[in-house]
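Heads up, the thing below is written out as structure tokens.
Chain A is the first sequence line, chain B the second, and so forth, proteins listed ahead of strands; every chain is numbered from 1.
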Amino acid sequence: MRPFQYTRAQDVPTALKRREANPNAQFLAGGTNLLDLMKEDVERPDELIDISRLSLSQIKTIASGPNAGGVSIGGLGKNTDAANHPLVRQNYPLLSQAILAGASGQLRNMATNGGNLLQRTRCPYFYDVSMPCNKRAPGTGCGALEGINRMHAIFGWSEQCVAVYPSDMAVALAALDAVVKVQGAEGPERAIPFADFHRLPESTPEKDTNLNAGELITALELPKNQFAAHSYYLKVRDRASYAFALVSVAVGLELNKNRITRARIALGGVAHKPWRAYRAEELLVGKEATEVHFVAAAAAEMAEAKPLAHNGFKVELGRRSIVRALHMALNEGKS
Amino acid sequence: MEDKKQLVGTPVSRVDGILKVTGKADYSTDHPVKDAAHAVIFKSTIAAGSIKRIDTAAAEKAPGVLAVITHENMPKLNTRGGIRGGAMLQGPEVTFYGQHIGLVVAETFEQARHAAHLVKVEYDPKNARVDFEKLASEAKVPKDKKDEKRGDVKAALADATHKVEEVYATPIEHHHALEPHATIAEWQGENVILYNSAQIVNGAQNAAASTLGLKPEQVRIVSPYLGGGFGSKGGQWANLVLTAVAAKMVKRPVKLALTRQQMFNSVGLRQRNFQKLSLAATPDGQLTALAHETTTHAAMQDEFVEPCGDCSKLMYEVPNSLISYRVVPMHLILPTYTRGPGKSTGSFALESAVDELAYKLNMDPIELRIKNEPERDPSNGKPWSSRTTVQCLREGAKAFGWEKRQAKPGENRQGNYLVGYGVACGTYPANQRPSSALVKLHRAGNDVTATVELAAADLGTGTYTILAQTAADALGVPLNKITVRIGDSDFPSAAGSVGSVGATSYANSVQDACVKLTDELMAKSGKQFFVRPTAAQLMVSEKINDHQTRVDSKASEKAEEYSSHSFNANFAEVWVDTSTGTVRVARFLAATGAGKILNPKTARSQILGGVTWGIGMALTEESIVDPRWGNFVTRSLAEYHVPVNLDIGQLEVLFIREEDTISNKLGVKGIGEVGIVGVAGAVANAVFNATGKRVRELPITPDKLL
Amino acid sequence: MMEENEAPQLTEDEKKLFEDLMPEDLDEILDTGVNRRHFLKLLTLTGGGLLAYQAAAAEQVLTRPLSLPPEALPPSTLENAVDLSLRINGTSQKLTVDSRMTLLDTLRERLGLTGSKKGCDHGQCGACTVLVDGRRVLSCLTLAASCEGQSVKTIEGIAQGNTLHPMQQAFLKHDGFQCGFCTPGQICSAVAVLDEAQKGEASYVTGPVRLKAGAKPSPVRLSEEEIRERMSGNLCRCGAYPNIVAAIREVQSGKPVEQTWNFVG
């Protein structure tokens, strides 16, 4: 870990100004990923601006604007609090479940909601500074493309990067059409639709998100929806808990009797960003919520997958997991 | 009445427990050594070649740095002094990825860690031999493991109507004791104290002394508590002597702890094995041939081969047998002993094959095993000191509810799950190793206290507790008046806590010392006794203030004439998710015959630990090497999946009551190792019973069951 | 050496009581709580254990200061120094730290509190778990500087005054450890799990986490599965998980949980 100056920001404008003044500074919130990466010498800020005590942790019903009636979750609130807040558990149990599927109790007590979105990939070639990695050191090549890539992407990867994005929470947020509110040192607050927040690697894998330098995530807005009764987050991993996903599936369904009127499906562990299964969603709308339609939708989505040498299993696993998650959502989380 | 006073065999809570639940048990780097500087190791980023240039200027100039040590300024050490795995900075050569190539010593850990990143290294790389899949065909007969043949396996296999010939693969595993290897070195003149976890206290002392060019008495190892070891702290590795050298160079105590990432290529590993198992049997299930051929890898300079064929030598009566090993040197760190060395991985292959054979024969796998139960040890013709395999199978089956198993695989469906039962056996040798003990008695009025001293280790096994129990019974001194002092090379030399010899060797030596001490007191009294008095009684009746005695114990010659082993039978119930392929071990029962159980509470914990390790081996643990560069891509505990609490279901432990005073006087056989043996086989067999899918490559991760 | 001073100020009756005690009775003592006076007796009863210096340490277990005053460091050792004041185990501490110093290293290297362990230093094992402002966190991924004004509780401060915490007692009784290295983290985590359950916090295995409109979380009664999931952030390489689960069940339910090992033959 390189030497860095530690400062604590007393308010949001000060934090943003300080950050703007030093391009090598980073915000410190929960620190669970940032300190981890600094110890590995992957992240090398020369200043940490501690924003963890800024008052951006509120969870509340949105009173006005395009998402009125939805819920706003403060960017600096802790994951544990988001997962357990009555407004979230009442209206977005999918989000609670996804948060609770991630990490451990200790880490969820530390990690913030905004920070969760900014987790970097767990690709071992990214973490190991002696390995080539275009995300960490652009131009050095991708160690995983022809290396060990069992954990890597099957959708949307490029020759430059085959990493996957590790968050569970974000997979639920993708399914829930969340909006990320961000604030820079200049100008008004910006609203980024969740689908546009994270990027595919393309030729610039060093950029994980469309957040501009120096911008701070102030809140996540969840639009009002009717998925609460029929939603589920399924996480498949190599051990029973405290492991990153091989594949995860977030499902939200709105039903009229047994007919699907609205469907949201997002996958984790398969791409450089939470992967919205638009194709599957489209196929489901208007259909009866039955096995045959679930299978067809899942198959259609996974047909587009492009597996690497060691992760072909994710295609079949993804297909089956979508079907299972749809059933679980239909049965209100009862297996 | 007498029985009631016996403490051996009762579930005494750990005497060191209070320190452990309050955070006061001192592990290596917890010892309050004043003014210690901090060292951080840096490692090679190639697997083969040599260091062309190493630029330490920036590191040396970094704030707080006291020294940067590389092969260029490292003193010459005796590399054949008993430190395992090389990597002692004796030259520019690099023989595996992540080899230690230097260390930074600084005032603080933060400064040392940062400066270590400032060292720039240029290499002359060579072609690295790191792809085991490709190199396996080059494997040769190891130096110390010739083929062991009996009868004609080839002919028997050719003639057989029923046979299994399959290859079973196990991955590289890492011990990952939760306490990373760590040392504080403190010089006092020409002598050095090394606070350092050691399963073999005297072994660590001798290796450090010999490597550093010192006499053993100049080196003191202090290791009262170990944060686990599992074989990786049996031998000692370069970090121990590097710390001592660093402390000498900066003229201050130095503290060095390996990082978790460094643990992957610093302290050995369990090697990857391809095990070809061939079994032949008559139609009614009599085995006619057993061949267990293991192919594996070792380091470039040193060989270590885990004895995968050991169980196959003696589990079954079979006239034609072959046990063989082939090993290929690779640019990877030296493999070493890992819990249940050879037996845990070997039994996975053997017991899977037996299960496959039972399926082909349409026999119950328990009955097939019992049918081939050997009367004597087939490998050497010696009689068993005792053997409990059949009891373990029978009693275990009863307690587990084996009769509920459906013989046909894939039939037991419960909602989204397929449920299966599996069984597998295991064994581990029971040996007593030379061990000394010093027992001191002290009297104040009618109050007699005892101190027991030996350089033993307690890595969570319960050594403190069982020795206190043993001495209490043997001296007639209450448990509360006994002080057990272990984990220090200043005490009489003792066996290591390795290979399940700890409890046997330590307890017998303490017992012998107590008996000898009592004899001496009786002689001193000059009286005749009709009933043998206790040492405590004699101290009081003869008004003796202090008496002490030391013994050097070893196995009896009679024990050599017998084959002595612990045995077990393992029963697993697994639930396999039909959508996702995830496997949960819902229930597991281990029936174990391990001689006298000194303390059922700590013994049960040892078995639970073995089973947990076995479940990890079966389902989650795997270290993966990049076949291009030789680095581990599983490089932290996020990728190397040690089982978590939720991975472990209902575990039951059953002990077979056993009197076996042939193997040693106390009849103790050791349980640390046998607990893992057979576990992975039971789980894999249960997965087959659940799904009809035979997985021959561990771990059984979800992708293998889709 | 402490053999002499250790046969303490017991009455003759107490002496007899303890000398007659069998191991099974030990559990009863643990069940009813161990205060400092009991502790010394218990230490005697259980053999004193231990090396002389361990015994000496043990004697001080419940009286040793819950954190030591920090040692002053030479200025060269402090880069980007941050002045810090916080409460550790109920005691106010003021010290100056390198901005890079984690809470874990501060506890271990500066305050003499070596109970919290460094198992991985990357948030992957749980051995460094402590309570900050009442919540369990990983001290290896927490900068000391960010703890300004906060209240930290470590394993050394878990005991309630001179009495072992019920969780510590239950771990002893159920042999919830072997090597003991993960134990401080396990116990801190377990103590927090009880609190989280009381607050009605859900886990991934809670099943449907949805609350009805207007409903608030209500206390969770922890099944074995719930305990296992909630404790999965604390690795135990020795494999004491079933015993840890038993200990937590016993403390939450307030009812003794059986320990089973069977002998046959």
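Here the CG atom belonging to A:D238 is positioned 7.0 Å from the CG atom belonging to B:D703, to the nearest 0.5 angstrom. Here B:T580 contributes atom OG1 and A:L234 contributes atom CG; the two are 7.0 Å apart, rounded to the nearest 0.5 Å.
Residue B:T259: no heavy atom, backbone or side chain, is found under 4.5 Å from chain A. With a threshold of 4.5 angstrom between heavy atoms, A:Y125 approaches chain B through side-chain atoms but not through N, CA, C or O. B:L118 does not touch chain A: none of its heavy atoms, backbone or side chain, sits under 4.5 Å away. Looking at B:E622, there are no atoms closer than 4.5 Å to chain A (heavy atoms on both sides), in backbone or side chain. For chain A, the nearby part of B:L619 is the backbone; its heavy atoms alone come within less than 4.5 Å. Looking at B:V583, there are no atoms closer than 4.5 Å to chain A (heavy atoms on both sides), in backbone or side chain. Interface remark: B:F632 contributes no atoms to any contact with chain A (heavy atom separation under 4.5 Å). Neither the backbone nor the side chain of A:K314 comes within contact range of chain B; no heavy atoms are under 4.5 Å apart.
Residue with the most contacts toward chain B among A:V236, A:D41, A:L317: A:D41 (heavy-atom pairs, distance under 4.5 Å). Across A:R319, A:R122, A:E146, the residue that shares the most heavy-atom pairs under 4.5 angstrom with chain B is A:E146. Counting heavy-atom pairs closer than 4.5 Å to chain B, the top-ranked of the candidates A:P3, A:G312, A:A144, A:C123 is A:P3. Note on B:I46, B:D647, B:V625: by heavy-atom pairs under 4.5 Å with chain A, the leading option is B:D647.
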Query - Pair A:M151-B:E639, side-chain contact (heavy atoms from CB on, under 4.5 Å): steps then yes or no - result: CA-CA 10 Å; A:M151 295 299 291; B:E639 296 96 17; over 6 Å; no
Query raised in the report: What do the steps show when you test A:I148 against B:I624 for side-chain contact (heavy atoms from CB on, under 4.5 Å), and what is the final call?
Result: CA-CA 8 Å; A:I148 303 294; B:I624 301 172; 3.8 Å; yes
Query - Audit row: B:H641, A:R237, side-chain contact (heavy atoms from CB on, under 4.5 Å) steps and yes/no - result: CA-CA 10 Å; B:H641 293 135; A:R237 38 191 158 176; over 6 Å; no
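Between B:D626 and A:G147, the closest heavy-atom pair is OD2-CA, 4.2 Å. For the residue pair B:D577 and A:R324, the shortest heavy atom distance occurs at OD1-NH2, 2.7 Å. Of all heavy-atom pairs between A:S241 and B:L646, the closest is CB-CD2, 3.9 Å. Scanning all heavy atoms of the two residues, the minimum distance from B:W629 to A:G143 falls at CH2-CA, 4.3 Å. When all heavy atoms are compared, the tightest approach of B:H117 to A:M1 is CD2-N, 4.3 Å.
Residues A:R150 and B:T701 are in side-chain contact: their nearest non-hydrogen atoms beyond the backbone lie under 4.5 Å apart. Side-chain contact between B:Q261 and A:E40 is present, with heavy atoms from C-beta onward closer than 4.5 Å. Between B:P702 and A:F313, the closest side-chain pair of non-hydrogen atoms is not below 4.5 Å. Residues A:S104 and B:V644 are not in side-chain contact: their nearest non-hydrogen atoms beyond the backbone lie 4.5 Å or more apart. Between A:M131 and B:T45 there is no side-chain heavy-atom pair separated by less than 4.5 Å. Using a 4.5 Å heavy-atom threshold, the side chains of B:N631 and A:S130 count as separate.
For CG of B:N127, the number of neighbouring non-hydrogen atoms (other residues, nucleotides, ligands) closer than 6.0 Å is 12 at most.
Inspection of the A:R320 and B:S579 side chains reveals no N or O donor paired with an N or O acceptor under 3.5 Å. Looking only at atom types and distance, the side chain of A:Y242 has no donor-acceptor partner in the side chain of B:N645 under 3.5 Å away.
Using modelled atom types, one side-chain atom of A:R239 and one backbone atom of B:V642 make a donor-acceptor pair closer than 3.5 Å.
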